Amino acid sequence: MAKIISLLNFKGGVGKTTSTHSIGSALSVYEKKVLLIDMDPQGTLTFFSMEEAPKLSVWEVLAEKREIKNCIEELEEFDLLPSTIELTLAELELNSSYNKEFRLKRAIDTIKDKYDYVLIDCPPSLSIFTLNALAASTDLIIPCECELASMEGLNLLLKVLKSPIKHLNPELNLLGILPTKLDGRKKISGEVYEMLKETHTNVLPAIRINSKLSEIGIEKISIFKADKNSNGAKDYRNVAEVILNGN
Ligand SMILES: Nc1ncnc2c1ncn2[C@@H]1O[C@H](COP(=O)(O)OP(=O)(O)O)[C@@H](O)[C@H]1O
Ligand SMILES: [Mg+2]
């Protein structure tokens with residue numbers, strides 16, 4: 001049965017989307033069958049992965065207009081349930097519906113036997129999309145930039161998440177905090193990484209700043225296709241190995 005992992009932080013720009021894309025492609029290097037879900041109306045993960053705009057999206061699934069299996073794009077390294085900008089409007093519609101937090105979970109239940117891993121890229125907020133992701137997941141990864149302000153935000157995030165997790169999905173496992181954008185040239189960056197390891201038990205291997213990672217959206221290819229020997233590829237491979245060994 002698939003492990004379903006949400007990547008969440010209320011802060012933007014911390015590497016949620018880059019991590020979803022790169023952990024997904026790393027798992028596919030290990031021959032795992034992977035589905036990525038873009039739950040962010042901004043659609044960055046979709047933009048990173050597809051040349052053309054998608055015809056169908058996670059919106060059709062949340063609105064219960066289409067079956068999830070008909071909305072999934074089959075790409076080279078992984079499958080993708082894309083996002084479109086219509087998702088922004090969908091929020092209003094969903095807010096007036098019954099049992100709206102469990103729509104994604106019910107849809108994933110119909111296809112999860114097809115996959116080893118489902119990774120969900122969340123928007124940077126506690127919106128209805130994030131609640132759907134939390135309800136549908138078995139595990140949670142919190143990408144956290146190696147910066148002082150991000151560490152403070154992390155404690156607040158963990159506190160704020162307690163109540164929705166208790167109500168929607170008490171079994172949800174915090175798989176780990178993923179330190180991102182570790183910058184060897186800045187002393188504070190390494191210090192934050194050390195502090196994270198001191199204050200939290202499940203800290204995943206860190207992702208270093210790597211210019212190759214910031215280019216994956218331009219070429220529409222994964223870090224492993226772009227340069228499998230880059231630091232970005234090495235770091236995300238390390239994270240994938242921890243995830244694989246957890247099974
Ligand atoms: N390890 C990294 N090294 C260099 N740039 C990165 C790294 N991780 C993310 N980025 C860049 O930082 C920006 C924000 O990353 P993104 O994954 O979109 O964050 P989020 O989804 O949390 O908003 C993007 O321009 C991305 O290319
Ligand atoms: Mg993003």
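Computed from a prediction, not measured in an experiment: that's the story for all the values here. Nothing fancy with the numbering, it's 1 onward along the sequence. Worth knowing before you read on, the calculation uses all heavy atoms, side chains too, and leaves out hydrogens, waters and symmetry mates. Order of listing sets the numbers, starting from 1, for every ligand and every atom in it.
- Atom CD of Glu67 is surrounded by 12 or fewer heavy atoms from other residues, nucleotides or ligands within 6.0 Å.
- Atoms of ligand 1 lying under 4.0 Å from at least one heavy atom of Gly12, given by number and element, are 23 (O).
- Side chain of His167 to backbone of Ser163: a donor-acceptor contact under 3.5 angstrom is found.
- Below 4.0 Å from some heavy atom of Val14 lie the following atoms of ligand 1, by number and element: 19 (O), 20 (P), 22 (O).
- A donor atom on one side chain and an acceptor atom on the other are found under 3.5 Å apart for Ser57 and Glu60.
- Of all atoms in ligand 1, listed by their number and element, those nearer than 4.0 Å to a heavy atom of Gly13 are 14 (C), 19 (O), 20 (P), 22 (O), 23 (O).
- Close approach to Ile207 involves these atoms of ligand 1, each under 4.0 Å from a residue heavy atom: 1 (N).
- With respect to Ile4, the side chain to side chain contact (heavy atoms under 4.5 Å, CB included) criterion is satisfied by exactly one of Leu104, Leu119, Thr138, Ile37: Thr138.
- The distance from atom OG of Ser127 to atom CG of Asp40, rounded to the nearest 0.5 Å, is 8.5 Å.
- Of all the heavy atoms in Phe129 and Leu87, the pair that sits closest is CZ-O, 3.1 Å.
- Within a 4.0 Å radius of atom 16 (P) of ligand 1, the protein contributes one or more non-hydrogen atoms.
- The heavy-atom pair separating Leu172 from Asp139 by the smallest distance is CD1-N, 3.6 Å.
- In this structure, of Thr18, Leu213, Asn210, the residue bringing a heavy atom nearest to atom 3 (N) of ligand 1 is Asn210.
- The nearest heavy-atom contact from the protein to atom 18 (O) of ligand 1 is Thr17 CB, 4.0 Å.
- A salt bridge is absent between Lys225 and Glu219; no separation between the charged side-chain nitrogens and carboxylate oxygens falls under 4.0 Å.
- Within a 4.0 Å radius of atom 24 (C) of ligand 1, the protein has no heavy atom.
- Those atoms of ligand 1 with a heavy atom of Lys16 less than 4.0 angstrom away are 17 (O), 19 (O), 20 (P), 21 (O), 22 (O), 23 (O).
- Ordered by chain and number, Thr17 OG1 make up the set of protein N, O or S atoms under 2.8 Å of the Mg ion (ligand 2).
- Across the listed options His21, Lys181, Lys11, Gln42, Lys181 owns the non-hydrogen atom lying nearest to atom 13 (C) of ligand 1.
- In terms of heavy-atom proximity, Pro54 sits nearest to Thr84 at CG-CG2, 3.9 Å.
- Within the model, atoms NZ of Lys105 and CD1 of Ile108 stand 8.5 Å from one another, a figure rounded to the nearest 0.5 Å.
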